[in-house]
Structures are given as C-alpha cells and as structure tokens.
K.L.:
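What follows is a structure written as structure tokens; I'll ask about it next.
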Amino acid sequence: MDESLEVVVKKSGDVTIVHVAGEVDVASAPELRGRLEELAPADTKVIVDLSDVRFLDSTGLGVLVAGWKRFQNREGTSRLSLVVTRPEILRVLEVTGLTDVFTVHPSVAEATALSS
Amino acid sequence: MSSRQSRRADEVWPPGGDLDSDADCVELNLPAKPPLWRVARMTVSSIGAVAGFDVEQIGDLRIAIDELCTICGRGGGPTTILSIVARWDEHSLLVSCTASPLAADRHDDPPDPAPAEALPPGLSQDELAERILEALVDAYGIDSSQSGVRRAWLRKSR
C-alpha cells in the first residue's frame, strides 16, 4: 500500500462513496484501481470523492476512466461520478477533456442527492 | 503555444530553448522508481519558485515533470537512472529527463511498457499525458530512442 494515498469506501443506501485522499500518481494509482475493482459493478452508484486529493496525474486519470467504463450503462452514461473541489484537480480534468466524460459535482451532498 | 517535436539523434539535446549563456542549472539523478517521482516534483517545484514562476505555473510544472518521469521511466529496469536537468534564465525554464539503463539492463528490443488501463480510443495513457503537457507547458518533445534510452523535455516561460 502506498502511504501517500488513502482510500476509504462507504456505502450509503445504494450509493457507494469512495473517498480518496493524498496523491494519485503512477506509484499510488494501483491502490485506487484495486479498490474500484473490488466494487460490485451491477448494483451500485459510485461517487469518487477527490476533494482531498492534492495531486492527480495521467496514470490516476487512467484509473478513473477505467472505473468510468466499468460502471458504464448500456446507453453510454456511467454510474460513476466524481466530486472535485480543488482547482488544480479540476484543471487536470479540464485540460484532458475529461470534464466532458465524467459527471463532476462540487460536493458529496450534491452528488449523493443526484445519484439517489 | 504548445508543440510536440520529434528529434533526430544528432540534434542538440535538450532542444527547445534559447536560454541565456549564464542560465542556472540543477541536475538530479534518481533511480527510475515511481515513488521517487515525488522527489522530482518537489525539486522542479522548488526550482520554479526560485525562477520566479507564480503558484499556478508551479502547479503546472509539478504535473508536467511527473508526466516526463512517467514517459521516460516506463518499462525501466532495476538499474535504470533518470537524469533530470533543469536550466532557467529570467524568461523560461527548460527541463529535460533522460532514462538510461545501465549495461546490464540494456535490451536489443524496447522494454515492455508498464501495464496500462484499457481505455477508450483517444483516452490512452500516453494521449492523456500528452494532453496534459500540451496544456501546461509552452513546448515539449518526446524522443523514442534506441538502446533503451528514453528522453523527453519541456519548456515553460513566465
């Protein structure tokens, strides 16, 4: 386990919240990938809370995109959404065009309300 | 403006900058182990501060150097060394990254890439890295090399 990253998974009704804290880079991304792969793909809505992520690189983005695909619905949307509050993390999503792929919420409360 | 440039082996390395002849220079050599990318990030962030970049630009440099390390260090052997050279003057910062395997690690064939996520078209790991570099720096280049040596560079102006 990479000590720069902490991943806590909580269930709230039929919503699973994955709280991520620390740095998501090439060294720590496998930890996040593993936690996302542990989730049951069929019956959950997943909110990945990145509000305590201080650093996110292309490897971390790759893990999130793979998670997005894993929870993709038949109509092309995904049951995985993100919570992003830090401008530097939002910037990485924007410059890679991934704000057009992910549904990004400003808070867990809003994401939960819209997912329920 | 961002640009990606391919280089010929006989061209000057690193390209991409016409820095003053008295430009300051810092060189960092570290094993090509992903946990050590943080050292590169911290070093280049500090250099960015010394060179007079603002907080947002330093954040950009922090991500960009991480991408250079990932691009160059991918598939490196246990004795591969990443050499990072930062040169700067009052106008811009030029950072190069070279991954050099020691003789025992050299292969005739390129090393296997690190496992990558199965991503949709247009969202491959390399494409994401290049989108980040295109957005965050003024110019960059990636050199697919021979003899297992991989190198990349970036230039960012204030």
Side-chain angles (χ1 to χ4, degrees), chain A residues 1-5 22-37 41 48 50 53-73 75-78 80 82 84-102, chain B residues 2 30-42 44-45 54-76 82 97 99 113-137 140 142 152:
Chain A
M1 179 178 152
D2 194 288
E3 293 178 359
S4 69
L5 185 73
E23 301 188 341
V24 188
D25 60 9
V26 68
S28 63
E31 165 80 5
L32 177 59
R33 181 198 302 124
R35 299 302 296 270
L36 291 177
E37 287 177 350
V48 180
L50 301 175
V53 169
R54 301 186 305 270
F55 183 84
L56 179 66
D57 70 2
S58 62
T59 307
L61 289 175
V63 169
L64 294 174
V65 172
W68 183 92
K69 273 185 67 183
R70 181 173 154 80
F71 292 95
Q72 194 171 21
N73 296 317
E75 56 270 26
T77 59
S78 177
L80 184 145
L82 305 179
V84 180
T85 57
R86 290 178 178 253
E88 64 269 32
I89 303 302
L90 189 58
R91 179 160 159 78
V92 175
L93 289 165
E94 286 172 344
V95 301
T96 51
L98 291 178
T99 45
D100 295 334
V101 175
F102 289 102
Chain B
S2 299
L30 67 166
K33 297 177 180 175
L36 296 179
W37 288 192
R38 279 176 222 142
V39 177
R41 296 202 294 261
M42 287 173 54
V44 172
S45 295
D54 65 30
V55 171
E56 185 173 329
Q57 290 172 320
I58 290 170
D60 291 349
L61 286 168
R62 189 162 170 251
I63 299 172
I65 185 60
D66 181 271
E67 299 299 343
L68 286 197
C69 290
T70 299
I71 289 165
C72 293
R74 187 174 295 150
L82 275 190
C97 181
E117 304 293 338
L119 302 178
L123 292 175
S124 75
Q125 205 74 66
D126 286 345
E127 286 165 318
L128 289 173
E130 292 208 32
R131 285 189 197 184
I132 289 172
L133 289 170
E134 281 172 9
L136 301 189
V137 300
Y140 72 97
I142 299 167

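Numbered from 1 within each chain, the chains take letters A, B, ... in sequence-line order.
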K.L.:
With heavy-atom distances below 4.5 Å as the criterion, would you say the side chains of A:Leu98 and B:Leu128 are in contact?
P.N.:
yes
K.L.:
Which atom pair, heavy atoms only, marks the closest approach of A:Val95 to B:Ala135?
P.N.:
CB-CB, 3.4 Å
K.L.:
Rounded to the nearest 0.5 Å, what's the gap from OG1 on A:Thr59 to CD on B:Glu67? Could you check?
P.N.:
6.5 Å
K.L.:
Quick one: what part of A:Arg54 sits under 4.5 Å from any heavy atom of chain B, side chain, backbone, both or neither?
P.N.:
backbone
K.L.:
Would A:Val26 and B:Arg74 count as a side chain to side chain contact (heavy atoms under 4.5 Å, CB included) here? Give the steps.
P.N.:
CA-CA 10 Å; A:Val26 68; B:Arg74 187 174 295 150; over 6 Å; no
K.L.:
Return yes if some donor-acceptor pair links the side-chain N/O of B:Gln125 with the main-chain N/O of A:Ser58 below 3.5 Å, else return no.
P.N.:
yes
K.L.:
Got a second to check how far B:Arg62's CZ is from A:Glu88's CD, nearest 0.5 Å?
P.N.:
8.0 Å
K.L.:
Under the rule for side-chain hydrogen bond (donor to acceptor under 3.5 Å, both in side chains), what residues qualify as partners of B:Asp66, not counting sequence neighbours?
P.N.:
B:Arg41
K.L.:
Begin from the C-alpha positions of A:Asp57 and B:Ile132 and carry the test side chain to side chain contact (heavy atoms under 4.5 Å, CB included) through to its verdict.
P.N.:
CA-CA 9 Å; A:Asp57 70 2; B:Ile132 289 172; 5.6 Å; no
K.L.:
Residues two or more places apart in sequence or in another chain: which of them pass side chain to side chain contact (heavy atoms under 4.5 Å, CB included) with A:Leu90?
P.N.:
A:Val84, A:Glu94, A:Thr99, A:Val104
K.L.:
Please flag which part of B:Asp60 lies under 4.5 Å from any non-hydrogen atom of chain A: side chain, backbone, both or neither.
P.N.:
side chain
